[in-house]
Amino acid sequence: MVGLSVGEKHFIQGGIAQDLRSDGRKRLTYRPIYVETGAHGSARIRLGATDVIASVKAELGKPSALQPDKGKIAIYVDCSPTAAPMFEGRGGEELSTELSVALQRCLLGGKSGSGSGIDPSSLVIVEGKVCWDLYIDGLVISSDGNLLDALGAAIKAALSNTGIPKVNVASETSGDEQPEVNISDEEFLQFDTSGIPVIVTLTKVGRHYIVDATSEEESQISSAISISINRKGHICGLTKRGGAGLDPSIILDMISVAKHVSEQLINKLDSEIAAAEANEEES
Amino acid sequence: MRGLQLPLNQTQRIRLQRALEKLHSLSSKANSDASVTVADTIPVNYDDAFLKGHGTTDLNGELVATVCGVVERVNKLVYVRALRARYKPEVGDIVVGRVVEVAQKRWRLEINFSQDAVLMLSSMNMPDGIQRRRTALDELNMRSIFEENDVVCAEVRNFHHDGSVQLQARSQKYGKLEKGQLLIIDPYLVKKSKQHFHYLEQFGIDLILGRNGFIWVGEHVEARDGMIVDQANNSEQSTVEKDQAYTPLEMRQNICRIANAVRVLSTLGFNVDADLIIETAELSSSLNIDIHDMLGSEFHVLVAEREAERRSLMTKRKR
């Protein structure tokens, strides 16, 4: 990332203080979001110059012994070296791990799977024996700030485009044997994505919060909070980044601002995803 | 033309296509034969002796282009000038650069060239304005003039023996740029003109079109006589001042509008010059388009249509 001079930093801070950022946006305005869905469970999201792709794969697997009635979901993010020069070689690994962990926390809830945005009990086929393993992969192609929000939106779009094949289980088998399963090639179950949360990242610069920071603005952050909120307005996950400490009242304030912003974002995202899928069906 | 990253709905796509086709047909016919892509044969009279220049290669006895660009012929030299290349400096060009290193008696600036440009301490006016020999103390105080990551405006003085560029910033209008934003566009969009410094009076904004594709849009600063001599007080004062004095809102709106106008023009691939920028900014404010909406697809299509009309009027007037 290119450094900024003192004068430019001051200009950016002034803009945020006066509610007019460098590209004319208000503090709580998102950049235009462009959604493209591909075949079967993949989506590409462009947020300004930030470009990310998410894809979903499903495999048959065995549920863990601790939670026999739930499937497994794994999220992994990779930062491509083309995104920024510092990602070359192993440079992007730290950021990839940070993003993966943040996404898991925001979308998958706690270790026991409780409070998860994506319901893992819908993935089980035979309790204790067979379940679906979902592998969600994110790829960052170009980075211009606000990667977490973009990845969250991409995962939501990819999941809405995912069809899980219907599985016919063979007749009852005794306790320890693996049951026979028949994976149908024709029938698919669409994943229910109305409950999937979106991630809203609020960045605190000086005394004000902004949404959807570009990488220039991100160089100025004192702290940032990423909140995943679902359609009902419930918080599914929360991550704080940045070294500066925050007063609890400020955090509560940021949460309420995020809730307000998330309503518009969810509506916008849903309409864009629907439009993208309609486009895809035409072509 | 180049694939735009904007999502356009059906009607917008058609309108944009029409506007671009109109512009294509208006551009002079001679050039349309000269543009080549990789592996195109270059039309040359093989009987004449000619020299193969950059961007060409001999393949099976034919002259073939290796880059996408325009064929240029100078006497016997045939070469292909690539469009999306890095900036190619010429002596006397005005450039805007960012300081990457403070070295011995010089600053290194990044100017979108294959090498970093060099600005010698001796090519820079001293803060006290006196013409004198640079002492060791001046060298130690270089950071008080320019630091790393500062944005500087300078002029190309000459080429070093190893191909790198030397800059000079002796006149009052060159120097550090603050209170604004830097935009980066492709260098080929900024053509050489008489004026690269523009003071837009109606907006109160300085617009500097660097030939290397770095464009500076910022608050107007009067040509300074030299900085305050007392360095220590200066830095304290300036931080205190800066806390209180953010750019006023109206000027900031103008800066953002002009910056977005530059972004729109560069996305569409039009040559960026001051008149066109001002026209685009005025078009957006006359249509009451919100500053942020200037980066949306609708405004891009409008600008393309406007430009097509303007050029067709110009050619009609010429005839």
Side-chain angles (χ1 to χ4, degrees), chain A residues 1-37 44-51 85 141-142 144 205-208 210-212 214-217 219-220 271-272 275-276 278-279 282-283, chain B residues 5-10 98-100 110 146-152 176-184 214 216-219 221 235 238-239 241-264 284 289-298:
Chain A
M1 206 165 51
V2 184
L4 292 174
S5 71
V6 175
E8 285 173 291
K9 285 184 187 165
H10 184 72
F11 188 76
I12 293 177
Q13 282 169 2
I16 292 172
Q18 293 173 336
D19 204 13
L20 184 66
R21 290 149 78 173
S22 304
D23 52 359
R25 285 186 284 157
K26 297 217 166 293
R27 284 197 281 263
L28 299 178
T29 314
Y30 264 88
R31 282 173 284 184
I33 306 178
Y34 302 131
V35 181
E36 270 173 58
T37 49
R44 175 185 181 190
I45 295 253
R46 261 175 286 162
L47 199 62
T50 300
D51 205 340
I141 304 178
S142 159
D144 189 25
V205 177
R207 283 202 303 261
H208 304 272
I210 53 173
V211 140
D212 196 12
T214 61
S215 49
E216 278 180 356
E217 292 165 338
S219 65
Q220 303 288 307
S271 63
E272 289 284 328
N279 259 349
E282 274 169 42
S283 57
Chain B
Q5 289 291 340
L6 298 165
L8 305 162
N9 62 30
Q10 219 30 37
R98 203 186 274 281
V99 177
V100 288
E110 198 234 307
F146 295 140
E147 269 196 314
E148 275 91 352
N149 291 326
D150 274 346
V151 180
V152 176
K176 181 145 76 170
L177 298 171
E178 300 174 309
K179 300 195 191 163
Q181 47 177 321
L182 183 71
L183 303 162
I184 300 185
F214 285 16
W216 175 263
V217 185
E219 259 188 62
V221 182
S235 49
S238 54
T239 41
E241 273 175 38
K242 275 169 182 179
D243 279 338
Q244 296 156 354
Y246 283 138
T247 322
L249 186 59
E250 208 190 305
M251 187 168 301
R252 191 177 284 278
Q253 284 174 341
N254 290 334
I255 292 181
C256 287
R257 223 176 254 284
I258 302 263
N260 278 353
V262 173
R263 288 187 182 112
V264 168
S284 75
I289 297 182
D290 199 27
I291 302 181
H292 177 49
D293 290 333
M294 281 173 77
L295 297 176
S297 348
E298 182 60 32

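As a basis for the values below, the full set of heavy atoms in this structure was taken, side chains included, without hydrogen atoms, waters or symmetry mates. Chain naming here is simple, since letters A, B, ... match the order of the sequence lines and numbering starts at 1 in each.
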(request) Check whether any side-chain N or O of B:Arg257 sits under 3.5 Å from a backbone N or O of A:Gly24 as a donor-acceptor pair, and report yes or no. (result) no
(message) Return the OG to CG distance between A:Ser22 and B:Leu182, rounded to the nearest 0.5 Å.
(response) 11.0 Å
(request) Mind checking the CD-OG spacing from B:Glu148 to A:Ser5? Nearest 0.5 Å is all I need. (result) 12.0 Å
(request) Check each atom of B:Ile255 against the heavy atoms of chain A and say whether the ones under 4.5 Å are side chain, backbone, both or neither. (result) side chain
(message) Quick check for you: among B:Gly218, B:Pro248, B:Cys256, which has the greatest number of heavy-atom pairs under 4.5 Å with chain A?
(response) B:Cys256
(message) Taking side chain as everything from C-beta outward and backbone as N, CA, C, O, which of these in B:Gln253 sits under 4.5 Å from a heavy atom of chain A? Side chain, backbone, both or neither.
(response) both
(message) As an exercise, state the distance from CD1 of B:Ile291 to NZ of A:Lys26, rounded to the nearest 0.5 Å.
(response) 8.0 Å
(message) I need the minimum non-hydrogen distance between A:Val6 and B:Asp150, along with the two atoms involved.
(response) N-OD1, 4.4 Å
(message) Is A:Ala275 close to chain B through its backbone or its side chain, or both, or neither, when contacts mean heavy atoms under 4.5 Å?
(response) neither
(request) Let me know if A:Glu36 has heavy atoms under 4.5 Å from chain B in its side chain, its backbone, both or neither. (result) neither
(request) Apply the test side chain to side chain contact (heavy atoms under 4.5 Å, CB included) to residues A:Leu4 and B:Arg98: give CA-CA distance (whole Å), side-chain angles for both, the deciding distance (0.1 Å), then the verdict. (result) CA-CA 9 Å; A:Leu4 292 174; B:Arg98 203 186 274 281; 4.2 Å; yes
(message) Any side-chain to backbone donor/acceptor pair from A:Glu8 onto B:Lys179? Under 3.5 Å, distance only.
(response) no
(request) Determine yes or no for a side-chain-to-main-chain donor-acceptor pair under 3.5 angstrom, with B:Asn260 supplying the side chain and A:Asp23 the backbone. (result) yes
(message) Under a 4.5 Å cutoff for heavy-atom pairs, which residue among B:Arg252, B:Gln181, B:Glu219, B:Arg263 has the most contacts with chain A?
(response) B:Arg252
